[in-house]
Asks: 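Once you've had a glance at the structure underneath, I'll fire off some questions.
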Amino acid sequence: MLDLNRLKALHAVSVYGSVGAAAEALMVTPSAVSQQLAKLERETGATLLERNGRGVRLTDAAGLLADHAGRILALVETAEADFEALRGQVVGRLGIGAFPTAARGLMPAALALLRTRHPDLRLQLMEREPSRQIREVARGELDLAVIQDWMNRPLAISEGLSRATLFDDIADAILPAAHPLADRAEIELAELSGEQWISSSPGTVCHDWLVYTLRSAELEPDITCMADEYPTQMALVSAGQGCAIIPRLGRDFVPSGVRVVPIRSRPTRRLYALWRSDAARRPAIRAAVEALKAVSADFHIPISESAGSAPSTVLAGSVRPVE
């Protein structure tokens, strides 16, 4: 009888294209994947991998077996979901993905609430970029994802996926305190013509969105610093290295030397919970979505303006809950 874990390893290699990428997706070491494939070769009596330059490729036999493995794993997942639904209990393992600012700013409270409500549910959180999360939810590698979707640059959502809106997150201009526009109540994005910009790394959703948004305002991006974490971007603004546009969920404490100025067009991203439609009957999925909505409904964003000011929080106008 074919071992399910070995089939899972083979299927992951066929999907991701290499042993290393499959190991990352399965959250094991490359040697563990190689060992599973070696055992599967002995089990089937067939060669599954061939050298291809510096990498490997699947043999015809492996390709055939990987196709069957995909269908087998899908059936196993359906059986598990049906059994959970029949029992009506929030149990089992739930893999949740979240993009970095949601992983830090939203998920700790949501996970704590889930553990309190459903102590028998085994939770696993993975930080992922939204585009990767969408692929992994569609493939069944993640059960649930929290993604961001900029209103002026929407993501493509695969068929067979369902989503629930959590809240809208507005982005503001982050300017050095000495900037001529730093004391304005709000600005037009076009007024920042000729500025240098601080951005996330190329290829990330936030970098692509910033470039698109600036060009939409007829501003050619002059990006001089790139940092993926928003606190680092804020520190660079404080040091006078440029301007940034940062969503309110991405802000913690606003450092001295920085001013937060609303943009009149109110650039907004919407946060969603995302899951496979055919897994919606799982009590664990429903429980996780309910917990995310509960945390989002009461979400407060710090908006302290400087290191010396007392922190304050807002709900309306900063993060707007959406039904």
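In this chain, residues are counted from 1 in sequence order. In this text the structure is predicted, and so the values were computed from the model without any measurement.
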Asks: How long is the straight-line distance from CZ of R163 back to CG of L271, given to the nearest 0.5 Å?
Replies: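 One finds 12.0 Å between CG of L271 and CZ of R163.
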
Asks: Check whether any side-chain heavy atom of D149 sits under 4.5 Å from a side-chain heavy atom of Y272, and report yes or no.
Replies: yes

Asks: Does the side chain of K8 reach to within under 4.5 Å of the side chain of L26, using non-hydrogen atoms?
Replies: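 With C-beta onward as the side chain, the pair touches.
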
Asks: Between L175 and V237, what is the shortest heavy-atom contact and its length?
Replies: C-CG1, 3.5 Å

Asks: I need the minimum non-hydrogen distance between A182 and A177, along with the two atoms involved.
Replies: CB-O, 3.5 Å

Asks: Decide yes or no for Q233 and S200: does some side-chain heavy atom of the first lie under 4.5 Å from some side-chain heavy atom of the second?
Replies: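 Touching, per the 4.5 Å side-chain cut-off.
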
Asks: Is E290 salt-bridged to R286, cutoff N-O under 4.0 Å?
Replies: no

Asks: Between E229 and R104, does at least one N-O distance fall below 4.0 Å, as a salt bridge requires?
Replies: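 No.
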
Asks: Do Y230 and P100 come within less than 4.5 Å of each other through their side chains, counting heavy atoms only?
Replies: no

Asks: Taking atom types as modelled, is there a side-chain donor on T268 or D168 under 3.5 Å from an acceptor on the other?
Replies: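 No donor-acceptor contact under 3.5 Å links the two side chains.
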
Asks: Mind listing the closest non-hydrogen atom pair of L58 and S14 along with its distance?
Replies: CD1-CB, 3.3 Å

Asks: Would a single hydrophobic cluster contain both L2 and V33, if residues Ile, Leu, Val, Met, Phe, Trp and Tyr are joined by side-chain heavy-atom contacts under 4.5 Å?
Replies: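 Cluster IDs for V33 and L2 match.
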
Asks: Pairing donors with acceptors under 3.5 angstrom, does anything connect the side chains of R259 and S238?
Replies: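 Absent: no donor and acceptor within the cut-off.
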
Asks: Starting from the C-alpha separation in whole Å, work towards a yes-or-no answer on side chain to side chain contact (heavy atoms under 4.5 Å, CB included) for L144 and L274.
Replies: CA-CA 6 Å; L144 186 73; L274 187 76; 6.0 Å; no

Asks: Using the side chain to side chain contact (heavy atoms under 4.5 Å, CB included) definition, which of the options L121, L113, L114 pairs with R117?
Replies: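 With R117 as partner, side chain to side chain contact (heavy atoms under 4.5 Å, CB included) holds for just one option, L113.
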
Asks: Keeping E191 on the side-chain end and E188 on the backbone end, is there a donor-acceptor pair under 3.5 Å?
Replies: yes

Asks: CZ of R153 to OH of Y212: how many Å apart, nearest 0.5 Å?
Replies: 6.0 Å

Asks: Could you check whether any side-chain N or O of E129 sits under 3.5 Å from a backbone N or O of V205, counting only pairs where one atom can act as donor and the other as acceptor?
Replies: yes

Asks: Output the distance between atom CG (L7) and atom CG (N5), rounded to the nearest 0.5 Å.
Replies: 9.0 Å

Asks: What residues form a side-chain hydrogen bond (donor to acceptor under 3.5 Å, both in side chains) with Q241, not counting sequence neighbours?
Replies: none

Asks: Is there a side-chain contact between I223 and V211 (heavy atoms, below 4.5 Å)?
Replies: yes

Asks: Quick one: list whatever passes side-chain hydrogen bond (donor to acceptor under 3.5 Å, both in side chains) with W150, sequence neighbours left out.
Replies: none

Asks: Side chains of T47 and T59 only: does a donor on one sit below 3.5 Å from an acceptor on the other?
Replies: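 Judged by distance alone, the side chains do not pair up.
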
Asks: Do you know the tightest heavy-atom contact between A284 and V90?
Replies: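 So the two residues come closest at CA-CG1, 3.9 Å.
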
Asks: Examine distances only and state if a side-chain atom of S277 and a backbone atom of G160 form a donor-acceptor pair shorter than 3.5 Å.
Replies: yes

Asks: Is any NZ, NE, NH1 or NH2 atom of the basic residue among D172 and R251 found under 4.0 Å from an Asp or Glu carboxylate oxygen of the other?
Replies: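 Looking at D172 and R251, the cut-off is met.
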
Asks: Under a plain distance cut-off of 3.5 Å, with no hydrogens placed, do Q148 and R269 share a side-chain donor-acceptor pair?
Replies: yes

Asks: Within this structure, what is the CG-CD1 distance for the pair L249 and I170, rounded to the nearest 0.5 Å?
Replies: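 CD1 of I170 is found 12.5 Å from CG of L249.
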
Asks: Counting N and O atoms only, with roles assigned by atom type, does the side chain of S193 sit under 3.5 Å from a partner on the main chain of A190, one being a donor and the other an acceptor?
Replies: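 Pair absent, no side-chain N/O of S193 close to backbone of A190.
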
Asks: List the steps, then state whether side chain to side chain contact (heavy atoms under 4.5 Å, CB included) holds for D3 with L40.
Replies: CA-CA 8 Å; D3 182 89; L40 187 58; over 6 Å; no

Asks: Taking L37 as the starting point, is it possible to reach L4 by hopping between hydrophobic residues whose side chains are less than 4.5 Å apart?
Replies: yes

Asks: Check for a donor-acceptor pair, side chain of Q133 on one end and backbone N or O of R128 on the other, with a separation under 3.5 Å.
Replies: yes

Asks: Tell me the closest heavy-atom pair linking A173 and I187, and the distance in Å.
Replies: CB-CD1, 3.9 Å

Asks: Measure across T204 and S201 and return the closest heavy-atom pair with its distance rounded to 0.1 Å.
Replies: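 Nearest heavy atoms, T204 then S201: OG1-O, 2.7 Å.
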
Asks: Backbone N or O of D120 within a donor-acceptor pair of the H118 side chain at under 3.5 Å?
Replies: no

Asks: Does a side-chain heavy-atom distance below 4.5 Å link C206 with F99?
Replies: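 Not in contact.
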
Asks: Measure from the side-chain N and O atoms of E186 to the backbone N and O of P262, and report whether any donor-acceptor pair falls under 3.5 Å.
Replies: no

Asks: For R132 and E136, run salt bridge (Lys or Arg N to Asp or Glu O under 4.0 Å): C-alpha distance rounded to whole Å, both residues' side-chain angles, the deciding distance at 0.1 Å, then the answer.
Replies: CA-CA 6 Å; R132 179 176 175 180; E136 292 187 349; 2.7 Å; yes

Asks: Under 4.0 Å between a Lys/Arg side-chain N and an Asp/Glu carboxylate O for D169 and R270?
Replies: no

Asks: Apply side chain to side chain contact (heavy atoms under 4.5 Å, CB included) to the pair L106 and V146, showing each step before the final yes or no.
Replies: CA-CA 9 Å; L106 180 67; V146 177; 4.2 Å; yes

Asks: To the nearest 0.5 Å, what is the distance between CG on L214 and CH2 on W197?
Replies: 5.0 Å

Asks: Using a distance-only test with no angle check, is there a side-chain donor-acceptor pair under 3.5 angstrom linking S199 and H207?
Replies: yes

Asks: Is there a side chain to side chain contact (heavy atoms under 4.5 Å, CB included) between T213 and L219 once you walk through the steps?
Replies: CA-CA 9 Å; T213 298; L219 303 176; over 6 Å; no

Asks: May I ask you to test the D143-W275 pair for a side-chain heavy-atom distance under 4.5 Å?
Replies: no

Asks: Is the shortest side-chain heavy-atom distance between K293 and L166 below 4.5 Å?
Replies: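 Counting from C-beta outward, K293 and L166 do come under 4.5 Å.
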
Asks: How many angstroms lie between atom CG of L123 and atom CE of M107, to the nearest 0.5 angstrom?
Replies: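 That separation rounds to 8.0 Å.
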
Asks: Only distances under 3.5 Å count here; give the side-chain donor-acceptor pairs of residues 60-71 to other protein atoms, sequence neighbours excluded, each with its distance to 0.1 Å.
Replies:
{"residue": "H68", "atom": "ND1", "partner": "R71", "partner atom": "NH2", "Å": "3.0"}

